[in-house]
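Reviewing the structure listed below.
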There are 2 protein chains.
Amino acid sequence: MKTSKNKTKFVILGLLSEEPLTGYEIKKIVDTRFGFFWSESFGQIYPELKRLEGEGLIIGNELLANENQSGKASKKYKITEIGRGDLRKWLAEPVEKIAVRYEILLKMYFSNNTTPEVILNHIREFQIIHKKQQFIFDRIEDELRGNIDLHENHQAILTVLSLGQKLEVSYVDWSNEVINLLEGKLKNS
Amino acid sequence: MKTSKNKTKFVILGLLSEEPLTGYEIKKIVDTRFGFFWSESFGQIYPELKRLEGEGLIIGNELLANENQSGKASKKYKITEIGRGDLRKWLAEPVEKIAVRYEILLKMYFSNNTTPEVILNHIREFQIIHKKQQFIFDRIEDELRGNIDLHENHQAILTVLSLGQKLEVSYVDWSNEVINLLEGKLKNS
DNA sequence: GGCGGCATGTAAGTTGTTACATGATTAA
DNA sequence: TTAATCATGTAACAACTTACATGCCGCC
């Protein structure tokens, strides 16, 4: 089974399977809810929405400027039955292996070419970012556990969040180890 | 400080900072040693080597077919002092935030649109892959700890590996949790 | 004789980012 | 009045993948 590329399509279909949305709203949801494991830009979303409408997988409904809360006309899309079919088919396809890029590990690997101080600063910065993210995730978890029926896919959201939390623990633990190691090295020199 | 894009450049400079290499060897090293946090294709490496040579950051040395172990002529590149300067400059620049794409979390998030069995199969597959990877990393660690002076950047390699190991633990733990949850759901239905 | 590994390279296509243009409303 | 938010869309570019062409050597 050949796996489908063009994941933007399925991000859109997946989000529209819950409720009708505009392109702008899709982008916002991807940024806030999927931020730690996915990203999409407007330059991908808008042309893709047009394409999917052309294929009959979604249908758009124009809203006049006075019908929504903004000053500009917008377009709310909803998924069709054909769209749901494509979504289900993709869900059953084999999962593509995770794709990651950690520039920090590249710099760590090549760290012989610079001073320990330079690397230490990077790791400290890294740790600050991930401690913050850890805090945010824990907040989100509290909120979700307090409102069990806010989303119909409540359990799925918690499961996704759970991997995010575990990864943040790994990042913070690892940076602690590296900071200790590098600080020890600096003291002995 | 604006961060440099075009990371292929620094992967090449970084690897050449240790020893002269051919394009083919660079690709092999990226695949085997950086595989879990980075990737480069031939289509990126070969044109980039040409460009870097044109800029005087590296210099290539042609080897005839009979001078190496293959049947084809090859080109060994080594880094210049200017190249080392660029590498050091990049090492001091702020680190770009990690970029990840977990298609499995997308499917998890949208799992309401399919059956628990479909998701369960994906998670089981995911777990098999990451248990294998965990085993491989532990092997590499044993090997490295047994040969302390194989590489001059020995400690850096262990540090990079350490994050890989922690991430694999997260993946395996998480998939265990999800498998238990979904199997429970299937029994109660 | 065929396959896998060594080895280089290009072309075409896809994917994704960034910047820009447009423009109304609301809050500081 | 100015910045932020809502909102859509395109153009240019940069990054990256995939397939292909070429060809020797050693092994089974």
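Below, chain A is the first sequence line, B the second, and so on; all start at residue 1.
- Listed by chain and residue number, nothing satisfies the side-chain contact (heavy atoms from CB on, under 4.5 Å) test with A:K50 (two or more places apart in sequence, or in another chain).
- Remark on the helix from C:dG1-D:dC28 to C:dA28-D:dT1: inter-end axis angle 30°, axes from five-pair C1' superpositions, rounded to 10°.
- Ring-centre distance between A:F10 and B:F110: not below the 6.0 Å cut-off.
- A donor-acceptor pair under 3.5 Å links the side-chain atoms of B:K107 to the main chain of A:W90, judged by distance alone.
- Under the side-chain contact (heavy atoms from CB on, under 4.5 Å) criterion, A:I128 pairs with A:K132, not counting sequence neighbours.
- Rounded to whole Å, atom P of C:dG5 lies 14 Å from atom NZ of B:K27.
- There is no side-chain donor-acceptor pair under 3.5 Å between A:Q165 and A:S162.
- Spacing between atom CZ of B:R51 and atom C1' of D:dC16 amounts to 15 Å, rounded to whole angstrom units.
- Taking atom NZ of residue A:K97 and atom C1' of nucleotide D:dT17, one finds them 13 Å apart after rounding to whole Å.
- Taking the side-chain contact (heavy atoms from CB on, under 4.5 Å) definition, one finds that A:R51 meets it with A:N6, A:E48, A:E55, sequence neighbours left out.
- Residues satisfying the side-chain contact (heavy atoms from CB on, under 4.5 Å) criterion with B:K75, sequence neighbours excluded, are B:E53, B:E62, B:Y77.
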| What's the verdict on salt bridge (charged side-chain N to carboxylate O under 4.0 Å, His left out) for B:E81 and B:R84, showing C-alpha distance, side-chain angles and the deciding distance? | CA-CA 5 Å; B:E81 273 316 304; B:R84 281 187 197 277; 3.7 Å; yes

| note | With sugar-phosphate taken as primed atoms, P, OP1 and OP2 and all else as base, the protein-contact string of nucleotides 8-17 of chain C at under 4.0 Å (heavy atoms; B, S, -) is BBS----SSB

